[in-house]
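A quick write-up on the structure given underneath.
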Amino acid sequence: MHDRSTAILMYGVLLAALGLAGCYQPVDYPQVVSPPEPRITVIPSYYRIVGTSVQRHPILSHVLGHGPDVTFIMATIHGSEAAGTPLVRRLGNYLRANPGLLEGRTVVLLPVANPDGMARGSRYNARGVDLNRNFEAANRVVDEHSGPTALSEPESQIIRQLIAQYQPDRIVSIHQPLACIDYDGPAQALAARMGEYCDLPVRKLGARPGSLGSYAGVTLGVPIVTFEMLSNDSQLDSQTLWNRYGEALVAAIVYPELMK
Ligand SMILES: [Zn+2]
């Protein structure tokens with residue numbers, strides 16, 4: 001017992017000596033600082049069924065962002081000119097992956113404006129109407145494919161409704177096969193900007209009667225570009241289409257700013 005008490009005493013003395021000698025110092029832990037809250041920018045991105053076609057196909061819009069500057073981009077109003085559809089879908093994915101592009105902006109995408117025509121590979125909708133002659137423009141004429149009255153078709157009504165709801169600052173409608181960037185309304189500079197980012201030349205084709213270009217560009221005064229891609233773009237995969245035209249579409253979205 002005596003030896004054990006001595007051992008404990010000696011151990012205590014040793015600890016005290018070490019403390020006095022500075023060998024045992026309380027650890028000076030660094031102050032715990034909470035890491036800064038990560039800045040999460042929540043950019044809305046949602047799909048919405050905006051209506052149905054003559055043959056009851058749902059027509060989907062993809063809306064990204066909620067800023068005041070609005071770009072409306074649509075494809076395949078002519079069902080036989082469908083290369084714009086994979087391009088616009090790809091654009092939606094790109095914007096979701098690059099939300100900085102959406103700060104202060106809203107982008108409304110309509111990947112398939114004429115699903116019935118697209119399903120049949122036809123320019124017209126299921127009632128044989130050229131939707132791009134079915135708008136309420138001063139130059140509209142009634143003929144075989146114009147529809148009996150302006151906005152007689154559910155598909156053209158949906159486009160008009162989207163324009164009324166979102167009040168876009170600019171519109172791009174993707175077509176084939178005229179291989180140029182056409183425009184209506186105050187869109188010459190926008191067309192030229194898009195032309196800097198792809199190989200299509202800017203060409204003013206003239207407003208078609210009752211077209212979306214005539215309605216939006218001339219009647220409403222909204223800058224609208226008719227983006228006419230090539231015939232054989234229909235054979236390209238979405239990556240190749242994106243390489244060819246993606247920057248031109250993004251340039252329209254950030255317009256009048258330059259792409260960084
Ligand atoms: Zn067309």
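The shown structure was predicted, so the numbers you read here are calculated from the model rather than taken from an experiment. Whatever order the structure lists ligands and atoms in, that order sets their numbers, starting from 1.
- The N, O or S atom of His175 lying closest to the Zn ion (ligand 1) is ND1.
- Lys204 is listed as a side-chain neighbour of Asp182, based on a closest heavy-atom distance under 4.5 Å.
- Under the 4.0 Å criterion applied to side-chain N and carboxylate O atoms, Arg160 and Glu136 are assigned as salt-bridge partners.
- Its N, O or S atom nearest to the Zn ion (ligand 1) is what matters here, and for His78 that atom is ND1.
- Among the atoms of Glu228, no N, O or S atom is found under 2.8 Å from the Zn ion (ligand 1).
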Side chain to side chain donor-acceptor pair (under 3.5 Å) between Arg96 and Asn93, worked out: CA-CA 5 Å; Arg96 256 200 311 233; Asn93 294 339; 3.1 Å; yes
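- A side-chain donor from one of Asp130 and His78 sits under 3.5 Å from a side-chain acceptor of the other.
- Within Glu81, OE1 is the N, O or S atom that lies nearest to the Zn ion (ligand 1).
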